[in-house]
Amino acid sequence: MLQDSVQVYSLKSYFCRMNFIIEQTVSAIKTLYGVEIGESEISLQQTRREFEGQVTIVTFPFTRFSRKSPEQTGQEIGAYLLASTPEISGFNTIKGFLNLVISDRYWIGLFNDKLSRADYGQLAPNGKKVMVEYSSPNTNKPLHLGHVRNNLLGFSVAEILKAAGYEVIRTNLVNDRGIHICKSMLAWQQFGNGETPANAHIKGDHLVGKYYVRFEAEIKEQIAEIKNNLTSTSLISNETRNAVLSKESVIKKNKAIINYTVTSIAPAIRELGPDAEIRLETALDNANFKPLLDVVRKKSPDKKLIEAVSQCNESQKVISEAEEIKNELVRNGTPLMREAQQMLRKWEAGDEEVINLWKMMNDWVYAGFEETYRNLGVAFEKFYYESDTYLLGKDLIQEGLEKDVFFKKDDGSVWIDLTAEGLDQKLVLRADGTSVYITQDLGTAQLKYDDFGMDESIYVVGNEQDYHFKVLFLILSKLGKTWAKGLYHLSYGMVDLPSGKMKSREGTVVDADDLIREMTETATQYTEESGRLDGFSPEEKQELHQMIGLAALKYFLLKVEPQKRLLFDPKESVEFQGHTGPFIQYSHARIRSLVAKANYDENSGWNGYETLLPEERELILALNGYPAMLEAAAKDHSPAMVANYVYELARLYNKFYHDAPPILKTEDAASRNFRLRLSLVVGAIIKRCMGLMGIGVPERM
RNA sequence: GCGCCCAUAGCUCAGCUGGAUAGAGCAACGGUUUUCUAAACCGUCGGUCUCAGGUUCGAAUCCUGAUGGGCGUACCA
């Protein structure tokens, strides 16, 4: 499992992973103070810019056996290291920090032997197989910004794991069946007039989405109609009518209780001050008595008053609950909803007409998705379809019953009790023997393992399903599946807009295709203004614009840690300057252009180059940290780490480019060749990192 | 009610195996091009790291509690 990996990453320490320093420090402490300490007790960090040196050892922890001041301890260890280690050419101590100066000869040697090799950065195969499931769309509507985050994360994590030595299988579990697709089908049947992607010139997934929206609009009208004419409407059955009416009477009764109580306690509340009075008003407006209850509890000793407010609070809760159930009853009672459910039953029974319609509309959607996936640059080795897997898992229920992991209730439904683990009781099979969500996920997990026998399996799914996956993994491990310990839920936060949450009902969803197009357009505009693309054919320009637009989008979405919510402002979020994808692309293009102009011969050496510029030293340190960064990003499943690393590298390079004497005009062959090779290597690592995020880099821009 | 996640500069984010004066970008202001791509570089301004306790030589980082925001707590998926 990844979690067992020993190496630990931190932005401060990955620059200086130098075992010889740790080893020498261990022996220094043994010699000086007679104490044997573990290598893990020594932490190295990169020296802050304002002090001399590259590597810093914190000496505070050693004072307990040196019995000297941190500074003096540092002096002693420093002196030992200077004498014993040829790579160390100097040191200084400030308070409890021992700063070591590593000789340029060491850095140049490191560059020669390791960093400048063509295969630098690819970790050796680790013999492990990992599955990354991502995307997993519903087939009733096109992809939106939230899916984009999911797709980019999944793709990127897969690339990172590949680079870290895994064999990776990317899978997409397509949710192609269920009530949602029946809604689109039904609306198309009733209102579509034979419209197809071909004759309407609409992308297939958008066409199907259009009818999903139509369904929701129609049902909204039916709901309004029913609510306005509850006693007379013929749209619902008498059974539903009676159920709704009974909920209404519950609501009415509780409203009366609240009205009565509020009138009688209002004077007492006013006496508690303006604060309480305001809360009384907002309680009525917002249908929430909790804030009022809190303030009354705090301010009033009158138990009867508290009880009365508490009564209002309880009644309000009953009202809210009844209203929710009422709404659900009305919604499910509408003719359209009943027809959709009828259609789902027909689908499950294999009704030919329904199946054919389903196949046709799904094919439209797949053609649309394929285009979006191609534009996003994501791909999969294996597709699973819920229409194939939705009946799976029942054998596991049987297995669980035999192993006493599950238990049967009197009605025949099957449950698991997870209260000992701090969770709840959870239904795993309905009384009528049909599956619930988790049943088929159990079955699908087993299927995937049977198909591929992978060591690890990553599910890229939003954080609203955290609980579900906790339960899923726990059940599998209770069933004795040894592979369950390799399961991991890569949970990510929702994408918010400035206006708040994206809601399909309110039409505030940012469509993936629109987004990609807008990004490309913005990049086009920006690039044309800079006017640097002479010699590009129109096709090359178009390709470049898309590359830059996508880089802006992808980098913006990936640079934030997955678990965090992400605020996306379509107007302002995606920039081309500063901490952005295009900035990093630009740095790469700059390097390529430089190397091209220099006519650099890759065989030319830099013998005699002995003294580094500070910027060169920093670049070497940064390059040296790449493998540790990669390992850490793989361990944490974090493209954001790659994003931040490569930005730092590009920034350091730009500083070097700006501050170093012009390379093309450098006469000294060793300096010139070294700097060109350094540039080349930085460019290669930038390209690698961007590739890990699915972002291309141009030769010119 | 219970559970999980988040909180760092005006805005968007880094930093979290505990270490020096908490860093970037954007925004604002100023500077750099007869030097290889100014999508760059440099400077100024900007912070009670949500709050209160605790552990420690040392806390943005670990622990406890609170506050605020989000999500979940379905015989939906």
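Chain naming here is simple, since letters A, B, ... match the order of the sequence lines and numbering starts at 1 in each. Note that these values count all heavy atoms, side chains included, but never hydrogens, waters or copies made by symmetry.
Remark: P of A40(B) and NE2 of His658(A) are 12 Å apart, rounded to the nearest angstrom. Rounded to whole Å, atom C1' of U8(B) lies 15 Å from atom CD of Glu561(A). As a whole-Å value, the separation of Tyr653(A) OH from A39(B) P is 16 Å. The interatomic distance linking Phe674(A) (CZ) with C36(B) (P) rounds to 22 Å, in whole Å. Atom CE of Met494(A) is separated from atom P of C4(B) by 19 Å (rounded to the nearest Å). Summarising the geometry, the separation between CZ on Phe576(A) and P on G25(B) is reported as 19 Å, rounded to the nearest angstrom. Here the P atom of nucleotide G15(B) and the NE2 atom of His579(A) are 10 Å apart, to the nearest Å. Between the CG atom of Asn463(A) and the P atom of G72(B) there is a distance of 9 Å, rounded to whole Å.
Using a 5.5 Å limit on the distance between ring centres and a 30° limit on the angle between planes, the aromatic ring of Phe51(A) counts as stacked on the six-membered base ring of A20(B). Phe97(A) qualifies as a stacking partner of the A20(B) base, centre to centre under 5.5 Å and near-parallel within 30°. Applying the 5.5 angstrom centroid cut-off and the 30 degree plane-angle cut-off, the aromatic ring of Phe60(A) is stacked upon the base of G19(B).
Using a 4.0 Å heavy-atom distance criterion, Ile179(A) is classed as making no nucleic acid contact. Counting non-hydrogen atoms under 4.0 angstrom, Ala589(A) reaches a base of the nucleic acid. Among the heavy atoms of the strands lying under 4.0 Å from Val560(A) are primed sugar atoms or P, OP1, OP2 only; no base atom is included. Contact annotation for Asp411(A): base contact, defined as any heavy-atom pair under 4.0 Å involving a base atom. If you check every strand for non-hydrogen atoms under 4.0 Å, Glu421(A) touches nothing. Looking at heavy-atom distances under 4.0 Å, Leu567(A) makes contact with sugar-phosphate atoms alone, never a base. When heavy atoms are screened at a 4.0 angstrom cut-off, Tyr467(A) is found touching the sugar-phosphate backbone but no base atom. Using a 4.0 Å heavy-atom cutoff across all strands shown, Thr63(A) reaches no nucleic acid atom at all.
Looking at the side chain of Thr527(A), the nearest of the listed nucleotides A39(B), C4(B), U73(B) is A39(B). Looking at the side chain of Arg700(A), the nearest of the listed nucleotides A20(B), U37(B), C71(B) is U37(B). Of the candidates C6(B), C36(B), U21(B), U21(B) carries the atom nearest the Arg48(A) side chain, counting heavy atoms from C-beta on. When each of U21(B), C75(B), U35(B) is scored by its nearest atom to the side-chain atoms of Glu50(A), the top-ranked nucleotide is U21(B). Distances were taken from every side-chain heavy atom of Gln577(A) (C-beta onward) to each of C6(B), A39(B), C13(B); the shortest belongs to A39(B). Ranking G19(B), A77(B), U37(B) by closeness to the Tyr657(A) side chain, first place goes to U37(B). Candidate nucleotides U73(B), U12(B), A40(B) were compared by shortest atom distance to the side chain of Phe583(A), and A40(B) ranks first. Side-chain atoms of Gln563(A) lie closest to C6(B) of the nucleotides U73(B), C6(B), A77(B).
Residues Asn99(A) and Glu328(A) each lie close to RNA chain B; by heavy-atom proximity, the contact nearer the 5' end of the strand is made by Asn99(A). Comparing Glu464(A) and Lys665(A) by the nucleotide of RNA chain B whose heavy atom lies nearest to each, the residue mapping closer to the 5' end is Lys665(A).
Annotation: G69(B) and G19(B) have their C1' atoms spaced 32 Å apart (nearest Å). A52(B) and U61(B) have their P atoms separated by 13 Å, given to the nearest Å. When the C1' atom is compared between U56(B) and A14(B), the two are found 26 Å apart, to the nearest whole Å. G46(B) and C51(B) have their C1' atoms separated by 23 Å, given to the nearest Å. For the P atoms, the distance linking C62(B) with U17(B) amounts to 8 Å, nearest Å.
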Each base of RNA chain B marked ( ) or [ ] if paired in-strand (Watson-Crick or G-U under 3.5 Å), | if paired to another strand and . if unpaired gives (((((((..((((.....[...)))).(((((.......))))).....(((((..]....))))))))))))....

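When the side-chain nitrogen and oxygen atoms of Lys95(A) are compared with OP1 and OP2 of C57(B), none of them lie within a distance under 4.0 Å. Proximity of Lys564(A) to the phosphate of G70(B): no side-chain N or O atom is located under 4.0 Å from OP1 or OP2. Taking side-chain N and O atoms only, Lys655(A) has a distance below 4.0 Å to OP1 or OP2 of C42(B). Close to C71(B), at under 4.0 Å from its OP1 or OP2, lies no side-chain N or O of Arg565(A). Taking 4.0 angstrom as the limit, Lys426(A) places none of its side-chain polar atoms (N or O) nearer than this to OP1 or OP2 of U73(B). Side-chain nitrogen and oxygen atoms of Arg177(A) include none within less than 4.0 Å of the OP1 or OP2 phosphate oxygen of A77(B). The shortest distance between the side-chain N/O atoms of Arg651(A) and the OP1/OP2 oxygens of G23(B) is not below 4.0 Å. For the pair Ser413(A) and C75(B), the criterion of a side-chain N or O lying under 4.0 Å from OP1 or OP2 is not met.
With respect to Glu421(A) and Lys470(A), no salt bridge is recorded, no charged nitrogen being found less than 4.0 Å from a carboxylate O. A salt bridge does not link Arg672(A) with Glu667(A): every distance from a Lys NZ or Arg NE/NH1/NH2 to an Asp or Glu carboxylate oxygen is 4.0 Å or more. Ion pair Glu323(A)/Lys326(A) not flagged as a salt bridge, since none of the NZ, NE, NH1 or NH2 atoms sits closer than 4.0 Å to an Asp/Glu carboxylate oxygen.
No side-chain donor from either of His489(A) and Asn463(A) sits under 3.5 Å from a side-chain acceptor of the other. Under 3.5 Å, the side chains of Thr666(A) and Ser671(A) contain no donor-acceptor pair of N or O atoms. Side-chain polar atoms of His545(A) and Tyr526(A) form no donor-acceptor pair below 3.5 angstrom.
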Margin query: One pair to check against side-chain contact (heavy atoms from CB on, under 4.5 Å): Glu561(A) and Ser638(A). What are the steps and the verdict?
Written below: CA-CA 7 Å; Glu561(A) 287 294 339; Ser638(A) 174; 3.2 Å; yes

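We find the CD1-CD1 distance between Ile475(A) and Ile416(A) to be 4.5 Å, quoted to the nearest 0.5 Å.
In this model, a side-chain donor or acceptor of Thr56(A) finds a partner on the base of A20(B) within 3.5 Å.
You'll find the side chain of Tyr134(A) stays beyond 4.5 Å of the side chain of Leu490(A), heavy atoms only.
Judged purely by atom type and a 3.5 angstrom limit, Gln465(A) has no side-chain atom pairing as donor or acceptor with the backbone of Gly462(A).
Remark: Arg677(A) fails to qualify as a cation-pi partner of Tyr600(A) under the 6.0 Å distance and 45° angle criteria applied to the six-membered ring.
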